[in-house]
Structure formats: structure tokens, C-alpha cells
Peer 1: 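The structure follows.
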Amino acid sequence: MEYNFRQIEKNWQKKWSADETYKVSNDSNRPKFYVLDMFPYPSGAGLHVGHPLGYISSDIYSRYKRLKGFNVLHPMGYDAFGLPAEQYAIEHGIHPAEATDVNIKTFRSQLDNIGFSFDWSRELRTSDPSYYKWTQWIFLRLFNSFFNRSSKKAEGIDTLVTAFEKEGNSSHPMPNAQYPIKTFSAGQWQQFDEVNQQDILMQYRLAYCGFGEVNWCEALGTVLANDEVINGFSERGNHPVVKKKLRQWYLRITEYADRLLEGLEKVDFSEAMKEMQTNWIGKSYGAEIDFKLKDQTELLRVYTTRPDTIFGVDFMVIAPEHELTDAITTPAQRAAVDEYIAYVKSRSERERMAEKKISGVDTGALAINPFSGKEIPVWISEYVLAGYGTGAIMAVPCGDERDFKFARHFNIPVTNIIGDHFNGAEANSTKDAKLTNSDFLNGTPMREASEIVIRHLEIAGSGTRKVNYKMRDAAFSRQRYWGEPFPIKWEKGIAIPLTDKELPLELPYVASYKAGPEGEGPLANIPAWTSLHLETNTMPGYAGSSWYFLRYMDPGNDQEFCSREASDYWNQVDIYIGGTEHAVGHLLYSRMWTKILFDLGHIGYDEPFRKLVNQGMITAVGYYAKILNFRTADGAVRHLFGNDADISSGSEFVVGKELSFVTDRYDQDSDFKRIPYAGKYLDVEHRMTRKAFATYKAEFGAKYRIENEKDFAWVKGDDGDDSDFFTMELVSEKMSKAKYNSINPDDLVEKYGADTFRMYEMFLGPVEQSKPWDTKGIEGVHRFLKKLWRLFFDENKGRIWNEDAATAAELKVLHRTIRKIDDDTERFSFNTAVSNFMICVNELSDLKSHKKEILSPLLVLLSPYAPHISEELWKAIGNEGSVLDASYPVFDAKHVTETSKEYPVSVNGKVRTNISISLSATQAEVEEIVLSADTVKKWLEGKPHKKIIYVKGKMINVVV
RNA sequence: CCGGAUGUGGUGAAAUUGGUAGACACGUCAGACUUAGGAUCUGAUGCCGCGAGGUAUGGGGGUUCGAGUCCCUCCAUCCGGACCA
């Protein structure tokens, strides 16, 4: 009887599915546990071996918790709406709905292949009307609420209207600093017409519509959120992104900045993750200072985090787009300023970011230092951004590098306010100096000075304490088709929300999803849609994923997004597993939505994820032809490095630019030639021989096109073709279908089985760590499972397991394993757990142990990792029921206690020998034994020992 | 430039609180069984050395009886964020 994993795995998968083994009830007297994976976007490429890493971890943990007596929720679904799906659809000429359907089928079959314990009866997809009905419903809650800054929580917009009617907006300051109306009284409110009133309310709503600079991506034909733009290019597709003013929907996430920061203290995320979110929110403390301008009535307001440096201000810089630029420019500087503004306008965002050239123009205006009365020139320069702070800065060159470079470039004199800390050659941003040249602050440590300055400013009325955030409100609309329609219609410029009864507002089926006539979404092309004045934008990808963890709790509910009973029972996600790439996007948005739903009383907690585990990325190995060895006409062997070597005339072969392996667009600019999946054809020195290359071509040639091989320079060795070779470079790179470097789990499951695959993925290393994929090592894990099998069955003899009583040695092995596996699993150390299984099976094999008493508990331990083989053997040795419902073995210390220990004995810190000593030995006894040992005597060389360090159960060290 | 993480054999990696560095595997080498093996089993395998022994966790320094682990400093790689005032 041999280990026929294909048969075994298929059988059990069928059985588990038929028995609904993984169906989870909301009604249980066992404690709950919620394990969630970040659900995938079902791409056309399917899963590669990197994806299941997190899923396997969560699956092991879920099964482990189940054995430990918990009612475990472990669901899976699909993030099916969004840009990538639509791009894919356009590229392949298929409707996104169909493409998504096909892709999901592929995903599902790949997932099923690995034997996960997902409760598929709870599957959801964000593009399903029964799901996005509730996304729209939550959107309406956001639309109909505002952030009350006094209570620091979301409240219904009707409370705000009541307040306006009674007292204007005196208790609820206008959140939008750019809005023309800042304050109004109850009387004024009554007199505004409806459009006006609605417009004001729009400034308060948590989901609001406004005009704003957005990240416009021409190639994708849409607006992107800040986190979807990387260095001026789209995250998806790497297309250029420009700033553009458009009517957009936004989420007022800035109001939640503080709550999002505070919340980080009560969740178990990695420090790195918290740091990333904190940086993204970018809270800074400082002051807004109003500078009077000489001969002008306007005030120039700046934001600074360093009010303590107020006496070091040598010039002011305002953004070229600043609203005061025009008004304050003196006639003498007019021409230069106009010219500079024209220059700035001609430059793209990208150019401005890329180039570090110092540029700027003096406006001729003079600002007046509120304390010293010093007159300070006001410049414009593109290094100051209109969008941050007030779009103007007070420049302190001795303490700020950019300011210093600017001052030096334009010969502006620098005031030193930090004494010895400033060397005149570069700025020093220290906070540890005592101030100099600072009037009443002279001698004050900088850290104390900020407070003093702010107090003085507030008394003088020329400044206020101010907290600033880097984070902007999140753009929440896309000019695209494949997303949730907004449940909003427009009448006379007023956004009217649909009623809950009108939901879902279904996405109409269209044959073509090209952009609308004026850059709007494709929905603008549908007369039936526009005639109802419905909003033509759709929601972004992160809408559906911001609350999906709640839907799993109560997936079929058509009355509510999730019943309060269900969300109270399952509560927060206990373990959330996914990649770091969602650190700022998805995680911040879902945390915000959770807080809003909590504030409005729909759920009972305001953080969605109690603990977050970030799985590392599995990288691929890329193979590049690096060194080519070739023979020239004069017979010399030469080495050609990549394709950048210049081949002198007279060589036997024409090599160089013509030499190439054309495989994909990524190698166009590379110095090396990519040869996909070359791994198993290389020898230890990463050399590809001519013979191996011929085999390679036979297998992959048709698939990946290898061109111009005739120009390839093979080295002729003395012993024939075998010694012809070229050397390849191996590099780590991201797995992607386009790079022809991804590995499909299906292939590995087919060859080794799901259990082997699962354990091997875990065996690679710690879950959180990124690591390269190398298929070679999988054999070792497969051998382990076969070896396990042989504890039960012999190829020839059949059954060899028996029901004899276990020996002390066997029990010791078992209980050591129980302790290790339990501990490792609990702390997500799955790689060491796999090692410990191997050690256990090796030891049992050495003991020739085939006893059910030992093997049964072992199978329970193993079942989270390798469920199929565990279930098969569990049944084969005559156990009742499923191993999945067995109870977890309990560690008993009495089986592993030792009476003596083989101590490493060191002399002066170097281990010289091992001596077995009873664990109950006293210090004096140990000293006597150690000193009488021959080896120790030898190393002491007759010298007296100074002292003997004896750490019970650990080691002994003799100090001379 | 700022922030975070990581540096251990040919490779993936262990070492939970400062206590025998390299567990467990891959690979390699040698051997056994076999018609054959890409099956299975046994042994060896950080480096130098015939050996005794020496030496070794990115480099340098420190604390300690004892450091991969703690402290200082420098270097390298990866990942984020970057004209953020």
C-alpha cells in the first residue's frame, strides 16, 4: 500500500464538500474566532505560488483553532470590481462581468486544489448586486452624516441642519477652508436658498462632492487616489498621471485622522505597518503665523512646525499659484514674476518633482516679522507647494536645507540663530541648540521656545497653534464603468440621495464601455441612465473592500448589511492576513468605514482588525544570460558580458546586438537576456550547455520564442558539444505572468499533492519574510510525508501499525512534538513546526515505532498542515469521525522530564568536553566532577581555577 | 534625503529569556540495494588543517565568565515615503 496522494486528496475533498464539513454556524456555544484573508482581485493570470502563502497560513491557524475548540469563521470571496478588471476586459474584448466570472472560476478551482477549509457558503463578490446594494447603502450613511468635531464622531446630517437653524454654524466650523462662506448665523441660514443650503451641507458630509485637483490618468481615462499614484505614474499600468480639476466624490477621511492615529494604539499591527500609516497621515504640530506686508492690507499666512525659529526668518516663499502672488508683486518685479509663472505652468508635475534645480523670483513685496519688525523679502518658487499648509513658508536658511540652498543661490544673507550649531556651510535642523540672535528668546532651548512663541503670537493676535496633516481627503469616484454606481441623482445642481428602497441601483449592462463625451464615465453614454439624471461616476475599487469583513458574518441577509446579532457575535477579525502593499490604502479606508459604522450605531466596535499579519512576498528567480563564452577567429576563447560588449572585427561569430532571446517586453532595456524557466537546465555554476539548451528549446521554445540563436557564440570544447555553454545570472524579481516567471500551484499539486505543497510553502521560511521561490526543495517535504506513511504501511507487507502500548521513549518523542507544534502554531512559526514534524517522524522511524497510541495524536497535530493524509490515516487506523473534529492533544510534562543532562563544559568560554551530570547536582558536586575530568585537567594545565559557572540545565564554564 | 526591515554554510533557514552556532531540509560527495532509477536506505558535508587544533553569524569596537542575541559605530541589500515647511 503506497501513498497515493492524488486519489486520497480528491476523495477527501469530495467528502468534505459533500458533508459541508467547513460550514460555520453563527449559533454556537463554543468561543468564536475570526480568521480573515485579504480577498483577491480575480485577475486573468490566476494564482501563482505567492498568493497561497497567506491563505495556507490562515488555513493552518483556522484548523488549529477549530481543534482547540473554537467556532472558527474562515471565509473567502473576491474583490471583483475595479480598474484592473475593466482594463483586462478592454484588452481582451470581453465584458468585465464575463471576464470576472471566468477568472473567478479559475481561482476557485486553484483554491479548491489546495484543500482549504473556507466556508464557501459565505462566499461573496463585490460586483454582485446583492453585495453592492449594501455598499451603496453604507455610502448613503456616509453621505447623510458629518463629523462632529466636539463629540469627535459621525452624526446624522439632520442634527447639523437643526443646529444651523438654531445657531448657524458657530458650533460646527466649516471643514472646507477654501469655501467662500466661513461662518453664518441662524438668520443667514434661513435666508439661503436651497441650492446654497445644500452646497453648504455638502461641505460637511463624510462622502461629498466637490471640485478639486485630482490625479488624472489619461491612459486609464480616470482619476486615481493618492495611494494609487507612484512617482507621478499610475500604480496599475505605469501610465503618466497629471493634476486636473474635476468634479469628484470624496471621503472626508481627514476628519478621522486623529481617530485613525489613536486607534493604532489598540491594534496588534507590526511597528512597520503602524509607522507607514502614521507617516501617511502625517500629523504635524506647529503654528499658523500671519505676517503683515509692507504697504499692503493683506496678511501673508504661513504654516510652520518650527515657530521657535521665528527670528531666523530671512525670506518668505510662496507657491507661484498662491492667491496673493498677483496682488503683492511690485511693478518693478511684475515682468519677472509673470515670466516665472509662465515657466512653472509649462512644467508638468513630474518634471517639477524630478528636477532639483533651484528657481524662484523676488516679488518685490516685503513681509514684516511680527516680533522684530524686520522687513523680509517675499519670493515665489516652485519648491513650495500650493496644496500643503497655506502654500507659503517662512524660510529659515540656517535650519532648513532647502531654504539654505535657496538663500545661497540667490545671495540672501543668512541669520544664525543656533550659534555654534551652524557652520555657515550647511543648514542644521537641530532642535537641541540654545537660541541666539533671537531677542527675548536668546539662550532659550529650542524645544521650549516654540511654546513661548505660540503664546506670544496668540496674545498679539498674529498667529495660532495649528495641527496639520499630510493626508488629503480620499478621491472616491472613478470615471469608469466597472464599479458600484452612486445612489445619487442630480436635480438643479443638487445631489439627491436615492432612498434605501431604491437599492440596489444596478449597473446597467452595456456593450461598449468607452469614456463619456466629456471625460465622464461610460454611464454617461446611456440615455436611459442620463435621462434619470443619475450620477455617471462609479465608486473606486476600495469601496467594496472597506466593509467586506462584516458581510461574511451574515452573507445572505437581504434586510441588513449585517445583522447586529451577527456582528456582535463574530466581533472583530481576530487575525487578518495579507500583504504590506495595502498598508495605507485598504487598511485606512476600512478602518475609517468601521469607525463611521460604529459612530452611527450599526456595529459595536470601531477597529475592524485586532491583529494583522503581513505575509512576505514570494519572489521569482529571473534567469538572464550573462556571460557568453565565444571563440574568435584566431582561436582564443573570450568572454562576452551580456550584449554590451563590442566584438572586434575578425571574430568567428557575429555576436552583439543581434544576439538575443526575445521573450517579452521587459528585457528590451536590459543588459542581460532573459531566458524564462531556465532553472532546471543549469548546472551548479549557473551554466547552460548547448545540449541542455537544446532540451530547453524543445520544451519552451515554441512558448517563449527564442530568436537569432544562429548568432549565438558557443564555445567549442575539446570534448564535444557538452562543453559549450554560457553563464546565466540569477536575480530575484516579482512574480508576474508577463515576465514568464510565475509558478502555478496547480502544477505542483499535480506532481506532489496538496499536502506537500502546503507544507513546503510553510517550510520556506517565516511567513512575514520575503523569499525567493525555489521548487527544488519541495522533494524533501514530499519525502517526509512518504516517510510518515511508512510508519503506518509497508509497501510490501501492508499494515504495520499496531495497538501495542507505547514505550517511555516513544511517549517522550510524542510529547516533545506536541509542545513544539502547539507553541509554533500559536505564534505563526510554521516553518519550524514543519521541521519539528520531520524530526518527530525521523525519530519514530529510528525507534521503529508503529503504535496507534503515538500515531493518532500525531495525526491530529499534523492535520492543520496536511489535512488530507491526516484524515486518510486517521480513518485507516480505525478512528471514529473526522480528524478535523478530534481534540487537540494535551502536552504532559511527565513524559519529557530528564534526570540528567549532558553538559557542555567550557574552559575560559571554549567548549572542551561534554559531561553527563544529574540535574539535581549541587554546585559543589558539579565542581568536583568537572575538576576531576581529564579533559578539564588538561586544559587547566595545572593552573588553579578562578571560579566555576554552573547554569543548571544549560552549561558549565571553568574560568582560569 | 527620511523612515522601516534584513544581513548566519553552496541554497532556504534554526537558535523562544545572553549559555554547545548552523537544528530541519535542499544541493553536493561517497556507499548500499537494484535490470534500471529522478525510488529507498546509510554516511559525510561552515571554512583552514593529515592531525592536535584553530577559526567562523556583513566590518570595526564595547559590556560579560560567556554575545548571532545587548550597546556604539561603519558598510551592504531590500521595502516604503519623499520638494510636507
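Worth saying up front: this structure is predicted, and the values here are computed from it rather than measured. Below, chain A is the first sequence line, B the second, and so on; all start at residue 1.
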Peer 1: Listed by chain and number, what are the side chain to side chain contact (heavy atoms under 4.5 Å, CB included) partners of A:Met838, not counting sequence neighbours?
Peer 2: A:Phe763, A:Val781, A:Phe784, A:Val834
Peer 1: CE of A:Met276 versus P of B:rC2: gap in Å, rounded?
Peer 2: 19 Å
Peer 1: So does A:Val959 get a backbone contact from the side chain of A:Asn908, meaning a donor-acceptor N/O pair under 3.5 Å?
Peer 2: no
Peer 1: Would you indicate what A:Lys946 reaches in the nucleic acid, counting non-hydrogen atoms under 4.0 angstrom: base, sugar-phosphate, or nothing?
Peer 2: nothing
Peer 1: Can you list the residues that meet the ring pair (Phe, Tyr, Trp, His ring centres under 6.0 Å) rule with A:Tyr303, with sequence neighbours excluded?
Peer 2: none
Peer 1: Quantified in whole Å, what is the P atom distance between nucleotide B:rG51 and nucleotide B:rG59?
Peer 2: 26 Å
Peer 1: Between A:Asp308 (CG) and B:rA85 (C1'), how many Å, whole number?
Peer 2: 13 Å
Peer 1: Considering only side-chain heavy atoms of A:Asn842, which listed nucleotide, B:rC83, B:rA25, B:rA82, is closest?
Peer 2: B:rA25
Peer 1: Distance check needed: B:rC26 P versus A:Met759 CE, whole Å only.
Peer 2: 14 Å
Peer 1: Give me the distance, rounded to whole Å, that separates B:rG66 from B:rG80 when you measure between the P atoms they each carry.
Peer 2: 43 Å
Peer 1: Residues in side chain to side chain contact (heavy atoms under 4.5 Å, CB included) with A:Lys937, at least two apart?
Peer 2: A:Asp934
Peer 1: Look for any protein N or O under 3.5 Å of an N or O in nucleotides 41-47 of chain B and output each such pair with its distance, or none.
Peer 2:
| residue | atom | partner | partner atom | Å |
| --- | --- | --- | --- | --- |
| B:rC41 | OP1 | A:Arg790 | NH2 | 2.6 |

Peer 1: Using the C1' atoms only, state how far B:rU45 lies from B:rA23, rounded to an integer number of Å.
Peer 2: 15 Å
Peer 1: Look for any protein N or O under 3.5 Å of an N or O in nucleotides 15-22 of chain B and output each such pair with its distance, or none.
Peer 2:
| residue | atom | partner | partner atom | Å |
| --- | --- | --- | --- | --- |
| B:rU16 | N3 | A:Asp823 | OD2 | 3.1 |

Peer 1: Rounded to whole Å, please give me the gap between CG in A:Leu385 and C1' in B:rA85.
Peer 2: 9 Å
Peer 1: Not counting sequence neighbours, list each pair that qualifies as a salt bridge (charged side-chain N to carboxylate O under 4.0 Å, His left out) and has a residue in residues 756-778 of chain A.
Peer 2: A:Asp59-A:Arg758
Peer 1: Just call it for A:Lys910: base, sugar-phosphate, or nothing, with non-hydrogen atoms closer than 4.0 Å on any strand.
Peer 2: sugar-phosphate
Peer 1: CD1 of A:Ile376 versus C1' of B:rA85: gap in Å, rounded?
Peer 2: 15 Å
Peer 1: Applying side chain to side chain contact (heavy atoms under 4.5 Å, CB included), name anything that partners A:Thr325, two or more places apart in sequence or on another chain.
Peer 2: A:Ile318, A:His322, A:Thr329, A:Val337, A:Ile341, A:Ile380
Peer 1: Between the side chains of A:Asp747 and A:Lys751, is the shortest nitrogen-to-carboxylate-oxygen separation below 4.0 Å, so that they form an ion pair?
Peer 2: no
Peer 1: Can you tell me, in whole Å, how much space there is between the C1' of B:rC24 and that of B:rU8?
Peer 2: 16 Å
Peer 1: Which pairs count as salt bridge (charged side-chain N to carboxylate O under 4.0 Å, His left out) when at least one residue sits in residues 946-960 of chain A, sequence neighbours excluded?
Peer 2: none
Peer 1: Write down the protein N/O and nucleotide N/O pairs, taken from nucleotides 3-12 of chain B, whose separation is under 3.5 Å; answer none if there are no such pairs.
Peer 2:
| residue | atom | partner | partner atom | Å |
| --- | --- | --- | --- | --- |
| B:rG12 | O2' | A:Leu764 | O | 2.5 |

Peer 1: Between B:rG68 and B:rG19, how far apart are the C1' atoms? Round to whole Å, please.
Peer 2: 13 Å
Peer 1: Distance between the P atoms of B:rG9 and B:rG46, in whole angstroms?
Peer 2: 13 Å
Peer 1: Check the distance between B:rG27's P and A:Lys776's NZ and give it to me in whole angstrom.
Peer 2: 8 Å
Peer 1: Will you find, in the side chains of A:Thr832 and A:Ser829, an N or O donor that is under 3.5 Å from an N or O acceptor?
Peer 2: yes
Peer 1: Under a 3.5 Å threshold, yes or no: a donor from one side chain and an acceptor from the other, between A:Tyr64 and A:Asp822?
Peer 2: yes
Peer 1: Write down the distance separating the C1' atoms in B:rC65 and B:rG18, rounded off to the nearest Å.
Peer 2: 12 Å
Peer 1: What integer distance in Å separates A:Arg472:CZ from B:rG81:P?
Peer 2: 17 Å
Peer 1: With sequence neighbours excluded, tell me which residues meet ring pair (Phe, Tyr, Trp, His ring centres under 6.0 Å) with A:Tyr950.
Peer 2: A:Tyr903
Peer 1: What distance, rounded to whole Å, do you find between the two P atoms, one in B:rG10 and one in B:rC48?
Peer 2: 10 Å
Peer 1: Please tell me which of A:Val958 and A:Met838 maps to the more 5' nucleotide of RNA chain B, matching each residue to the nucleotide holding its nearest heavy atom.
Peer 2: A:Met838
Peer 1: Just to verify, what does A:Asp290 make a side chain to side chain contact (heavy atoms under 4.5 Å, CB included) with, not counting sequence neighbours?
Peer 2: A:Leu299, A:Arg301
Peer 1: Under the 3.5 angstrom rule, does the side chain of A:Arg6 hit a backbone N or O of A:Glu750 as a donor-acceptor pair?
Peer 2: yes
Peer 1: Return the stems involving RNA chain B, sorted by first number, where pairs are Watson-Crick (N1-N3 with N6-O4 or O6-N4) or G-U wobble (N1-O2 and O6-N3), both under 3.5 Å, and runs are 3 or more long.
Peer 2: B:1-7 with B:75-81, B:10-12 with B:24-26, B:27-32 with B:40-45, B:46-48 with B:53-55, B:58-62 with B:70-74
Peer 1: Is there a donor-acceptor contact under 3.5 Å linking the side chains of A:Lys470 and A:Asn279?
Peer 2: no
Peer 1: Nearest whole Å is fine: how far is B:rC79 C1' from A:Met273 CE?
Peer 2: 11 Å
Peer 1: Is any side-chain nitrogen or oxygen of A:Arg912 closer than 4.0 Å to OP1 or OP2 of B:rG54?
Peer 2: yes
Peer 1: Has A:Ser916 got a side-chain atom pairing as donor or acceptor with A:Glu902's backbone, closer than 3.5 angstrom?
Peer 2: no
